[in-house]
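First the structure, in the form of structure tokens, and then the observations on it.
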Amino acid sequence: QVQLVESGGGLVQAGGSLRLSCAASGRTFSSVAVGWFRQAPGKEREFVAAISWSATNTAYADSVKGRFTISRDNAKNTVYLQMNSLKPEDTAVYYCAARVGSTWNWSGSSQYLYGYWGQGTQVTVSS
């Protein structure tokens, strides 16, 4: 079992930055791949970024490449999503998700491959 808690969301103006955190508990975090997903009102949940448990591989949605950075600190059982140059279209509830038992370099984008989810944190970007 893995429990995930997101934090760091809020209201920011376009062009600003936020850093989201995903704190995990319940098992050895260093063997867990983590992804960030988001869901805007009236839209389906979509992939944002992912990081392998070894931190050697990362993946990003095209819409956030060059603006968002995913990282992790296994000693703190935490994954971060640094979001820069935010746009109004980034407004959504952001969720982190965990996949247990992945290979050392797996950083997949399919939400169906993640078995554990946090409750989400709201990010609102004003124009």
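The minimum heavy-atom distance between A92 and Q39, with the atom names listed, is CB-O, 3.4 Å. V32 approaches A98 most closely through the heavy-atom pair CG1-CB, 3.4 Å. The two residues L4 and Q119 have their closest heavy-atom pair at O-OE1, 3.7 Å. Closest approach of S21 and T78 over heavy atoms only: CB-CG2, 4.2 Å. Nearest heavy atoms, N74 versus W53: ND2-O, 3.3 Å.
To the nearest 0.5 Å, atoms CZ (R99) and OG (S110) are separated by 9.0 Å. In this structure, the separation between CD on Q13 and OG on S127 is 9.5 Å, given to the nearest 0.5 Å. The OG1 atom of T58 sits 14.0 Å away from the CZ atom of F68 when rounded to the nearest 0.5 Å.
The closest side-chain heavy-atom distance from I51 to S107 is not below 4.5 Å. In this structure, Q122 and T91 have side chains that are in contact, with non-hydrogen atoms separated by less than 4.5 Å. Here the side chains of Y116 and Q1 are in contact, with some heavy-atom distance below 4.5 Å. M83 is not listed as a side-chain neighbour of D90, based on a closest heavy-atom distance of 4.5 Å or more.
V79 and V2 fall within a single hydrophobic cluster, where Ile, Leu, Val, Met, Phe, Trp and Tyr side chains are chained together by heavy-atom contacts under 4.5 Å. Criterion: ILVMFWY side-chain heavy atoms under 4.5 Å apart, direct or through other members. Under it, V100 and W117 are not part of a common hydrophobic cluster. At a threshold of 4.5 Å between side-chain heavy atoms, the hydrophobic network of Ile, Leu, Val, Met, Phe, Trp and Tyr places V12 and V48 in one connected group. Under the 4.5 Å side-chain heavy-atom criterion for grouping Ile, Leu, Val, Met, Phe, Trp and Tyr, L18 is not connected to Y80 through any hydrophobic cluster. Under the 4.5 Å side-chain heavy-atom criterion for grouping Ile, Leu, Val, Met, Phe, Trp and Tyr, I70 is connected to V123 within one hydrophobic cluster.
In this structure, E6 contributes its side chain and G120 its backbone to a donor-acceptor pair below 3.5 Å. Within the 3.5 Å criterion, the main-chain N or O of W104 finds a donor-acceptor partner in the side chain of S54. Here the side chain of S85 pairs no donor or acceptor atom with the backbone of R67 at under 3.5 angstrom. Between the side chain of R72 and the backbone N or O of A33, no donor-acceptor pair lies under 3.5 Å.
Using a 3.5 Å distance cut-off with no hydrogens or angles, the side chains of R38 and Y94 do pair a donor with an acceptor.
With a 6.0 Å radius and a threshold of 12 heavy atoms from other residues, nucleotides or ligands, E44 has its CD atom at or below the threshold.
Results of the ring-ring contact (aromatic ring centres under 6.0 Å, His included) test with Y114 over F47, Y95, F37, W36 single out F37 as the only residue that passes.
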